Amino acid sequence: MNILVLGGAGYIGSHFVKAALLEKHQVIVVDNLQTGHKESLPKEAVFCQGDIKNKAFLTSVFQKHAIDACVHFAANSLVGESVEQPLKYFENNVYGTMVLLDVMNQFHVKQIVFSSSAAVYGSHQVMPITEDYPTNPTSPYGESKLMMEKMMKWADIAYGIKYVSLRYFNVAGAWEDGSIGEDHRPETHLIPIVLQVPLKKRPHVTIFGSDYQTKDGTCIRDYIHVVDLASAHLKALAYLEKQHMSLTVNLGSQSGYSNLEILEAARNITNLEIPSMIGQRRPGDPDKLIASNTLAKELLDWTPQLDIFDIIQSAWRFHKAHPKGYGVE
Ligand code: UDP
């Protein structure tokens, strides 16, 4: 299959590209390299640098390559930044997706798998979260993902473009050999930040809040290995090929770890000291987010194969191999 991967040089996109090439698909990557890294792409992937909001550019890519399906990762994804700059999120995430759907329709490409997020749900008390929970995003980022989902729904009704919307919970980890991994600038996510301490890139980690309604007072999240996530996208493409039906599913492990548990696991895996302190709560953080993954099991035949140990260990391997991130060894 000829797969067009939008945002394929990003953290999750690059893991998907590698997994898709291993399954012998042809991969064409579009990325504006605003946050992605060209170094994360294998040479077998065709690379087209450009922005999905640029319709003429995107049209030229579809003209040059016979695309069978799209996998769409291209988006801004920082919750805090989205609160400060909401319009950036609506422009890049929502308008960008609109242009993509328009060009897909023009070229009769009828299949798309795309990144949604647990952020569409907002805060809920009862875990695990199933896909029929009300959606009430607490940030422009979550809102932009929900708007993308809604746009997909109407594009399906009007143009027959079938989609699988994958609502990711907390994605972490790296390719098993540490060749590619997470390199966000600035980094905001817990696991890479915790690992920056033993790498001597920061003196300690600050845990944001210890007065949440959880067993140890710190937030609980559901972590999913980026390699498991990549394989879910391949299963989603297979689902579209076979079922010709749209679908929205959670991707998570259905188990939760507190921030202190993550810290402790990282200390055990690195076997190094990781000093920490408790700081203020970060605005907008729900106490607990755990996915129900029953639907993904049933409909996509997908179950996570890797646990929190594999997640932190692979991330550690990547960070040790690339202490300064991509581009600088
Ligand atoms: N967190 C933290 N210190 C940090 C970064 C994150 O305590 O330096 C916490 C954050 O408040 C949340 C959890 O770690 O409770 C996971 O945050 P992350 O940004 O990794 O993912 P999110 O859940 O926001 O998608």
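The model shown is predicted, which means the values in this text are computed figures rather than measured ones. One-based numbering, in listed order, for ligands and for the atoms of each.
Listed by number with element, the atoms of ligand 1 under 4.0 Å from a non-hydrogen atom of H189 are 18 (P), 19 (O), 20 (O), 21 (O). Taking a cut-off of under 4.0 Å to the non-hydrogen atoms of I193, the atoms of ligand 1 that pass are 8 (O). Numbered from 1 in the order shown, with element, the atoms of ligand 1 that lie under 4.0 Å from a heavy atom of I207 read 7 (O). Remark: ligand 1 atoms within the under-4.0 Å shell around heavy atoms of C219 are 15 (O).
R221 forms no cation-pi arrangement with F169, by the criterion of a distance under 6.0 Å to the ring centre and an angle within 45° of the ring axis.
With respect to atom 20 (O) of ligand 1, the closest heavy atom belonging to the protein is L190 N, 2.8 Å. At the shortest separation from atom 11 (O) of ligand 1 among protein heavy atoms lies D285 OD2, 2.5 Å. Looking only at protein heavy atoms, the nearest one to atom 25 (O) of ligand 1 is N170 ND2, 3.6 Å.
Contacts between T206 and ligand 1 below 4.0 angstrom, taking non-hydrogen atoms only, involve the backbone exclusively. At a heavy-atom distance under 4.0 Å, only side-chain atoms of R282, from C-beta outward, approach ligand 1.
Residues Y95 and Y89 place their aromatic rings such that the two centres sit no closer than 6.0 Å. Checked against the 6.0 Å centroid criterion, the rings of F73 and H233 qualify as a close aromatic pair.
Polar contact check, F208 against ligand 1: a nitrogen or oxygen pair lies under 3.5 Å apart. In terms of polar-atom proximity, defined here as any N/O pair under 3.5 Å, V205 makes no such contact with ligand 1.
Counting only heavy atoms from C-beta outward, the side chains of I28 and V5 never approach each other to under 4.5 Å.
Atom CZ in R167 sits 11.0 Å away from atom CG in L251 (nearest 0.5 Å).
In K297, the NZ atom is crowded: over 12 heavy atoms of neighbouring residues, nucleotides or ligands sit closer than 6.0 Å. Atom OH of Y159 has 12 or fewer neighbouring heavy atoms from other residues, nucleotides or ligands inside a 6.0 Å radius. Counting non-hydrogen atoms of neighbouring residues, nucleotides and ligands closer than 6.0 angstrom, the CD atom of E176 reaches no more than 12 such neighbours.
Residue contacts with ligand 1: N259 is included, with a non-hydrogen atom under 4.0 Å away.
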